[in-house]
Amino acid sequence: TLRTFRDVPQAQLAKSILESAGIQCFLADENLVQMDWFYSNAIGGIKLWVDEGDAEAAAKLLDAEIPANFEVEGVGEFEQPGCPHCQSLDVAFAPTNWPLTKGAAGVRRPATAGSDRWKCNSCGYEWEESSPIEPSFE
């Protein structure tokens with residue numbers, strides 16, 4: 001067991017990172033947690049299993065730093081957005097503008113809540129999409 005995860009999305013992301021590098025791996029207890037996420041703590045989370053021979057390389061991949069920028073084929077250089085509070089690159093875009101209610105016959109009404117925000121996974125700071133720090137392609 002290389003890592004354990006409480007939530008399915010983080011476990012699947014780690015698995016996809018390893019598989020894209022050609023490292024075979026398996027998520028134990030993933031289906032049980034997908035059925036009811038309350039089971040996650042009771043069973044010790046979702047376990048990411050790798051072969052012992054691949055464990056060191058897999059750990060290095062999962063512990064790798066987030067690059068500040070990288071080339072996107074056919075587009076150019078992508079600059080990773082960062083947290084204006086702690087400068088971490090471990091940030092996520094969290095759109096919150098979605099229809100809230102459904103009218104008669106399941107037709108969505110255009111009611112919205114919140115606004116599009118960024119959230120730092122390192123310090124928890126949140127900021128509006130219109131912040132000076134946004135993803136950009138040059």
Side-chain angles (χ1 to χ4, degrees):
T1 301
L2 183 66
R3 298 275 199 291
T4 59
F5 302 91
R6 187 192 74 173
D7 301 312
V8 174
Q10 288 82 9
Q12 289 176 340
L13 180 61
K15 181 181 182 211
S16 70
I17 289 169
L18 298 183
E19 287 178 338
S20 69
I23 297 175
Q24 291 184 356
C25 56
F26 178 78
L27 293 175
D29 298 323
E30 174 188 19
N31 290 334
L32 183 60
V33 174
Q34 280 183 333
M35 288 190 318
D36 189 340
W37 68 271
F38 281 119
Y39 289 134
S40 188
N41 287 338
I43 62 171
I46 302 166
K47 292 99 179 153
L48 176 63
W49 291 346
V50 298
D51 186 81
E52 278 188 50
D54 293 330
E56 186 177 332
K60 283 183 182 178
L61 279 171
L62 295 178
D63 293 337
E65 292 286 323
I66 300 169
N69 53 39
F70 54 89
E71 283 294 317
V72 177
E73 188 175 325
V75 178
E77 186 175 79
F78 174 79
E79 184 178 334
Q80 178 71 24
C83 175
H85 187 255
C86 72
Q87 284 68 48
S88 171
L89 296 176
D90 188 10
V91 299
F93 183 66
T96 56
N97 285 331
W98 63 83
L100 286 177
T101 60
K102 290 186 178 181
V107 177
R108 292 182 185 257
R109 289 192 254 165
T112 59
S115 60
D116 293 341
R117 301 180 62 77
W118 287 91
K119 181 174 182 180
C120 179
N121 294 321
S122 295
C123 71
Y125 184 74
E126 293 185 20
W127 65 99
E128 295 290 326
E129 177 186 16
S130 60
S131 171
I133 301 176
E134 291 184 12
S136 63
F137 290 98
E138 296 176 350

Undergrad: How close do Cys25 and Glu19 get, heavy atom to heavy atom, and via which atoms?
TA: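 Answer, listing the atom of Cys25 first, then Glu19: SG-CG, 3.9 Å.
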
Undergrad: When rounded to the nearest 0.5 angstrom, what is the spacing between CG in Asn41 and CZ in Arg6?
TA: 7.0 Å

Undergrad: Relative to each other, are the rings of Trp127 and Trp118 parallel, tilted or perpendicular (30° and 60° limits)?
TA: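 Correct class here is parallel.
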
Undergrad: Can you confirm whether more than 12 heavy atoms, excluding those of Gln10, are under 6.0 Å from its CD atom?
TA: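 Counting other residues, nucleotides and ligands, CD of Gln10 exceeds 12 neighbours.
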
Undergrad: How are the rings of Trp49 and Phe26 set relative to one another: parallel (under 30°), tilted (30 to 60°) or perpendicular (over 60°)?
TA: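 Judged by the thresholds at 30° and 60°, the geometry between Trp49 and Phe26 is tilted.
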
Undergrad: Check Ala14 against Leu48 and note the closest heavy-atom contact, atom names and distance.
TA: CB-CD2, 4.1 Å

Undergrad: How about CD on Glu65, more than 12 heavy atoms from neighbouring residues, nucleotides or ligands closer than 6.0 Å, or not?
TA: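 Atom CD in Glu65 is not crowded, with 12 or fewer foreign heavy atoms closer than 6.0 Å.
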
Undergrad: To check you understand the geometry: which heavy-atom pair defines the closest contact between Lys47 and Ile43, and what is its length?
TA: NZ-O, 2.7 Å

Undergrad: Met35, Ile46: one ILVMFWY side-chain cluster at the under-4.5 Å cut-off?
TA: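 Yes, Met35 and Ile46 fall within the same hydrophobic cluster.
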
Undergrad: So how far is it from Arg117 CZ to Glu128 CD, rounded to the nearest 0.5 Å?
TA: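 CD of Glu128 is found 4.5 Å from CZ of Arg117.
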
Undergrad: Going from CG on Leu18 to CG on Leu2, what distance comes out if it is rounded to the nearest 0.5 angstrom?
TA: 7.0 Å

Undergrad: Within a reach of under 6.0 Å around NZ of Lys119, are more than 12 heavy atoms found that belong to other residues, nucleotides or ligands?
TA: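 Counting other residues, nucleotides and ligands, NZ of Lys119 stays at 12 neighbours or fewer.
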
Undergrad: Using the rule that two of Ile, Leu, Val, Met, Phe, Trp, Tyr join whenever any of their side-chain heavy atoms come within less than 4.5 Å, decide whether Leu13 and Ile66 are in one cluster.
TA: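 Different clusters.
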
Undergrad: Using a 4.5 Å cut-off on heavy atoms from C-beta on, say whether the side chain of Ser122 contacts that of Cys83.
TA: no

Undergrad: Within this structure, what is the CD-CZ distance for the pair Gln12 and Phe5, rounded to the nearest 0.5 Å?
TA: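 Here the rounded value is 11.0 Å.
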
Undergrad: If I compare all heavy atoms of Asn69 with all of Glu79, which pair ends up nearest, and what's the gap?
TA: CB-CA, 4.0 Å

Undergrad: For a quick test of reading the model, state the closest non-hydrogen atom pair linking His85 to Tyr125 and the distance between them.
TA: CB-CG, 3.6 Å

Undergrad: Could you report the tightest heavy-atom contact between Ala58 and Val50, atom names first, then the distance?
TA: CB-CG1, 4.3 Å

Undergrad: Out of curiosity, does Leu89 fall in the hydrophobic cluster containing Leu62 (side-chain heavy atoms, cut-off under 4.5 Å, transitive links)?
TA: no

Undergrad: Quick check: does any side chain N or O of Asp7 sit under 3.5 Å from a backbone N or O of Pro9, one acting as donor and the other as acceptor?
TA: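 No.
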
Undergrad: Might you confirm whether atom CD of Gln24 has over 12 heavy atoms from other residues, nucleotides or ligands at distances under 6.0 Å?
TA: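 No, not enclosed.
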
Undergrad: When rounded to the nearest 0.5 angstrom, what distance separates CG in Asp90 from CG in Asn121?
TA: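 One finds 4.5 Å between CG of Asp90 and CG of Asn121.
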
